[in-house]
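These notes are about the structure you will find just below.
First listed ligand is number 1; within each ligand, the first listed atom is number 1.
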Amino acid sequence: MKKHNFYAGPSILPEFTKQKVAEAAIDFAGTGLSVMEVSHRSKEFVAVMDEAIALVKELLHVPSGYSVLFLQGGASTQFLMAPYNLMNKKAAYLNTGSWSSKAIKEAKLFGEVVEVASSKDANFNYIPKEYSIPEDADYLHYTSNNTIFGTAFLSDPESPIPLVSDMSSDIFSRPVDVAKYNAIYAGAQKNLGPSGATLVIVKDEALGKVDRPIPTILDYRTQINNGSMFNTPSTLSVFGCLQTLIWLKEQGGVETIEKINIKKAGLLYDELDRNKLFEPNIKAVEDRSRMNVTFVMAPGYADKEQAFLEYATSKGMVGIKGHRSVGGFRASLYNAMPVDSINALIQAMQDFEKSI
Ligand SMILES: *Cc1c(COP(=O)(O)O)cnc(C)c1O
């Protein structure tokens, strides 16, 4: 039976990416060796890194004066690396979920963190709209897509100070005005490639302004000066990221994929609004993530949750159980998710509704 992969991360990748990684696992770039067994300093792998960086810049229209890095340690390491390098005394943070909260915890090690707004009071089921941003803070940090709760900023927030963003679960899903940012970071494993690499886009001018010493490997400038090869990069992951970037360019780039994502997520939200058994977890339409659609059983049908999970599983749905902090269900619809799989989930919801 065909499996429909709704996992939140690691998660679905384009067939193209998987095919190219499979080929290169045996014979990479005509070397007769696996991509896993060649030096990261070989001309073949350096070409992979260079092309991946060039495509990131092209697809996100990264202006000059920014560096693109492929690091390790996941977005979780960026929670500390960003403030280490970019926050001198004070930074502003929006708290819109578990990942934001973790970023805030790390930032507090480096100075004063002003939590300008939080939606914790409502289990993070909305994006705060009214807040004031201290203009003497070095940056405003936000999580652009809240993978666990299913909310998102569908465009860059307004801010009088530079932005820093954790875009782990929606990078390349919508256009971003990179010029507004001092840094953008994302673990590869949601929308980009196999886990292992972490994409960082950082403004060169924003570096070198903090008073504290920074350990060598955690200093962005070290990684910039060494082309992301100060230490051994996650070569297989970077190779996979490159394939997804090539695929994305063939799809028409970020502007085209955003339109497709709007349509794809719209199909599922429409069904959630219609189907009597289910309801979307996020009520404010403008806050609804297009990447992670969270939903619960409608009042009166809570006892059907396990039965639906089993039914959907029998129809090939994988990874739709909601995160434990929200419950219910979560369908992750990353760039690579084919519309057929969304339609299969909708069909399962409709057939289940008829059976009740
Ligand atoms: C998955 C995720 C993380 C954690 O990423 P790691 O690469 O595992 O550290 C952080 N932020 C967001 C928004 C995520 O979705």
Side-chain angles (χ1 to χ4, degrees), residues 5-13 69-84 93-107 109 118-120 123-128 140-154 156-157 163-174 176 181 183-201 217-218 223 228 233-234 236-238 240-241 244 261 265 281-282 287-294 319-326 330-337:
N5 182 2
F6 292 98
Y7 275 125
S11 43
I12 190 165
L13 290 169
L69 304 169
F70 282 94
L71 307 181
Q72 297 196 63
S76 301
T77 299
Q78 295 308 309
F79 293 163
L80 64 99
M81 207 163 154
Y84 223 145
Y93 276 69
L94 276 164
N95 190 0
T96 57
S98 313
W99 296 118
S100 306
S101 304
K102 287 181 178 162
I104 289 168
K105 176 170 181 256
E106 299 307 307
L109 296 170
S118 169
S119 47
K120 194 170 184 195
N123 201 28
F124 299 113
N125 69 6
Y126 70 100
I127 297 287
L140 172 69
H141 179 282
Y142 78 107
T143 313
S144 57
N145 184 75
N146 298 288
T147 324
I148 293 173
F149 298 93
T151 58
F153 292 81
L154 299 175
D156 305 318
L163 298 168
V164 171
S165 186
D166 174 4
M167 298 198 178
S168 291
S169 50
D170 68 344
I171 187 116
F172 299 112
S173 73
R174 66 164 171 92
V176 171
Y181 292 79
I184 292 170
Y185 59 88
Q189 69 275 15
K190 311 284 170 42
N191 222 359
L192 193 51
S195 61
T198 312
L199 174 65
V200 177
I201 303 170
I217 195 172
L218 296 178
Q223 300 288 4
S228 298
S234 180
L236 183 73
S237 176
V238 174
C241 293
T244 305
N261 289 333
N281 188 44
I282 307 306
D287 295 346
R288 287 178 176 174
S289 169
R290 298 172 189 142
M291 299 285 103
N292 311 97
V293 179
T294 53
I320 61 165
K321 196 171 164 49
H323 191 274
R324 62 190 179 279
S325 50
V326 182
R330 170 174 55 177
S332 296
L333 315 180
Y334 296 115
N335 285 351
M337 171 63 66

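- Using the six-membered ring where Trp is involved, Tyr93 and His141 have ring planes that are parallel, under 30° apart on the 30 and 60° scheme.
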- Audit row: Asp166, Tyr142, side chain to side chain donor-acceptor pair (under 3.5 Å) steps and yes/no: CA-CA 6 Å; Asp166 174 4; Tyr142 78 107; over 6 Å; no
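- Under the side chain to side chain contact (heavy atoms under 4.5 Å, CB included) test applied with Met291, the options Asn146, Asn261, Ile171, Thr147 reduce to a single match, Asn261.
- Not a single heavy atom of Thr77 sits closer than 4.0 Å to an atom of ligand 1.
- Considering backbone and side-chain atoms together, Lys190 places an N or O closer than 3.5 Å to an N or O of ligand 1.
- Those atoms of ligand 1 that come under 4.0 Å of a heavy atom in Thr143, given as number and element, are 13 (C).
- For ligand 1, the atoms lying closer than 4.0 Å to a non-hydrogen atom of Asn145 are 13 (C).
- Counted by atom type alone, Asp170 and Tyr334 present zero donor-acceptor pairs between their side chains at under 3.5 Å.
- The proximity of Gln189 to ligand 1, defined as any non-hydrogen pair under 4.0 Å, is limited to the side chain.
- Distances between N or O atoms of Asp166 and those of ligand 1 include at least one value under 3.5 Å.
- Set against the non-hydrogen atoms of Ala75, the atoms of ligand 1 under 4.0 Å away are 5 (O), 6 (P), 7 (O), 9 (O), 10 (C).
- Distances below 4.0 Å separate heavy atoms of Thr147 from the following atoms of ligand 1: 12 (C), 13 (C), 14 (C), 15 (O).
- In terms of protein heavy atoms, atom 9 (O) of ligand 1 is closest to Ser76 OG, 2.6 Å.
- Residues Leu94 and Ser100 form no side-chain contact, since every pair of their non-hydrogen atoms from C-beta on lies 4.5 Å or further apart.
- Ring geometry, Phe79 versus Tyr185: the interplanar angle exceeds 60°, so the pair is classed perpendicular (tilted spans 30 to 60°).
- Residues Ile148 and Phe124 are not in side-chain contact: their nearest non-hydrogen atoms beyond the backbone lie 4.5 Å or more apart.
- Of the polar atoms of Gly73, none of the N or O atoms is found under 3.5 Å from an N or O of ligand 1, judged by distance alone.
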